[in-house]
Amino acid sequence: MKDKIWLSSPHMGGREQHYVQEAFDTNWVAPLGPNVNGFEKDLETYLGQQAKVACLASGTSALHLALILAGVTHGDEVLCQSMTFSASANPIVYQGATPVFVDSEPQTWNICPSTLEEAITARIKAKGTPPKALIVVHLYGMPAQMDPIAALAKKYNITLIEDAAEALGSTYNGQQCGTFGDYGILSFNGNKIITTSGGGALVCRNEADKQKAIFLATQARDQAPHYQHSEIGYNYRMSNIVAGIGRGQMEVLDKHIALRQANNQFYQTLFKPIEGVRVFAAPAPSYVSNHWLSAIIMNDMGHGKTAEGLRLALEVENIESRPLWKPMHLQPVFKTAPYYGENRVAETLFEKGVCLPSGSNLTDTDRERIAQVVQTYFYR
Ligand SMILES: *Cc1c(COP(=O)(O)O)cnc(C)c1O
């Protein structure tokens, strides 16, 4: 059996172990310490916009804290992009709130501004008030249409939460994804553009929110010599060991983004002669994707060629690919949640799309193997 080619696997830069070793040498093996502070500083510098970053156990925990800071509570409604990974929506339910799912538009595959406004006005009609918060996602690293989306959030006084778990290093109008919302979240899970094995971060607009997030993430301890609590807390802080990996990864982030973008170019060239296949790419120069994952859409190919057929052909050669994320409104667990999306954009993407190997550690040999399967599949 040939070696496995993964969709997206961890890619260490080399200096990660140096920071982890430093943590051991100084016995900072705790959920706080110099690596946590250092990683937060690195992220703040990278993101710009005077972002304030709290490093946490996961992207999911960051979303949960964002909802808590937004004041989302039992009985509230929260708007959420349907075309996403379940972790975008689950924390809404942790808070006892109801997700209201919204369809995507075909340019960025992210939440559609006009459908979003329809959803907001419909919820105002049904409930008397607009939903409390909005979770917008930058899917596969592609920035969402942040100008109209942020304008709607402002118009209806809805807290804007940006799920940038897949989009560290992507920019919209030159500004880093994760810095547009009232809150942004990042993920450093094993398959993300940089990884700490597991981890995440909450991006805040001010120091007070960052400190509140850290307070909640460390069991909400009041100032006292004994353990004293006036609020429910969480054990959501990142450890100093894990943050050491993050510091090493920050040193190679830009390099790894360039490599993922080069993978996207490779797929553009590979699929160019194949009619009916479109490689997902930015709709305009103001959108710069980190191309965390490269994906294709196969439109009415005929001859029995389907996204699933290609996926299976790759699997035979031990090459991992995956259908696009199954929209949340189609998930059994969310079947009773309200959904707005007459245009069926998310459904169509799910039916016709597939994500291809996109790691920054793909080799030329890997790309040759992929090209071979693709050529055989389409020209057989
Ligand atoms: C990975 C991911 C998350 C969750 O991040 P974790 O660190 O795995 O908890 C949230 N949203 C999206 C869109 C993701 O891809």
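For ligands, and for the atoms within them, numbers begin at 1 and follow the listed sequence. All figures in this text were calculated on a predicted structure; none of them were measured in a lab. Computed from heavy atoms alone, side chains included, the values below leave out hydrogens, waters and symmetry copies.
For F101 and F334, the gap between ring centers is short of 6.0 Å. In this structure, the ring of Y140 has its center no less than 6.0 angstrom from the ring center of F85. Separation of the Y234 and H64 ring centroids falls under the 6.0 Å cut-off.
The immediate protein surroundings of ligand 1, defined as residues with any heavy atom under 4.0 Å of it, consist of S58, G59, T60, T84, F85, A87, S88, V137, D163, A165, E166, S187, N189, K192, G199.
Members clustered with F350: L330, by chain and number, using a 4.5 Å side-chain heavy-atom cutoff among hydrophobic residues.
Tested against L79, the residues I161, I135, I120, I92 include a single side-chain contact (heavy atoms from CB on, under 4.5 Å) partner, I120.
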task: Check the pair V374, I274 against side-chain contact (heavy atoms from CB on, under 4.5 Å), reporting the backbone distance first and the verdict last.
output: CA-CA 10 Å; V374 166; I274 304 171; 4.0 Å; yes
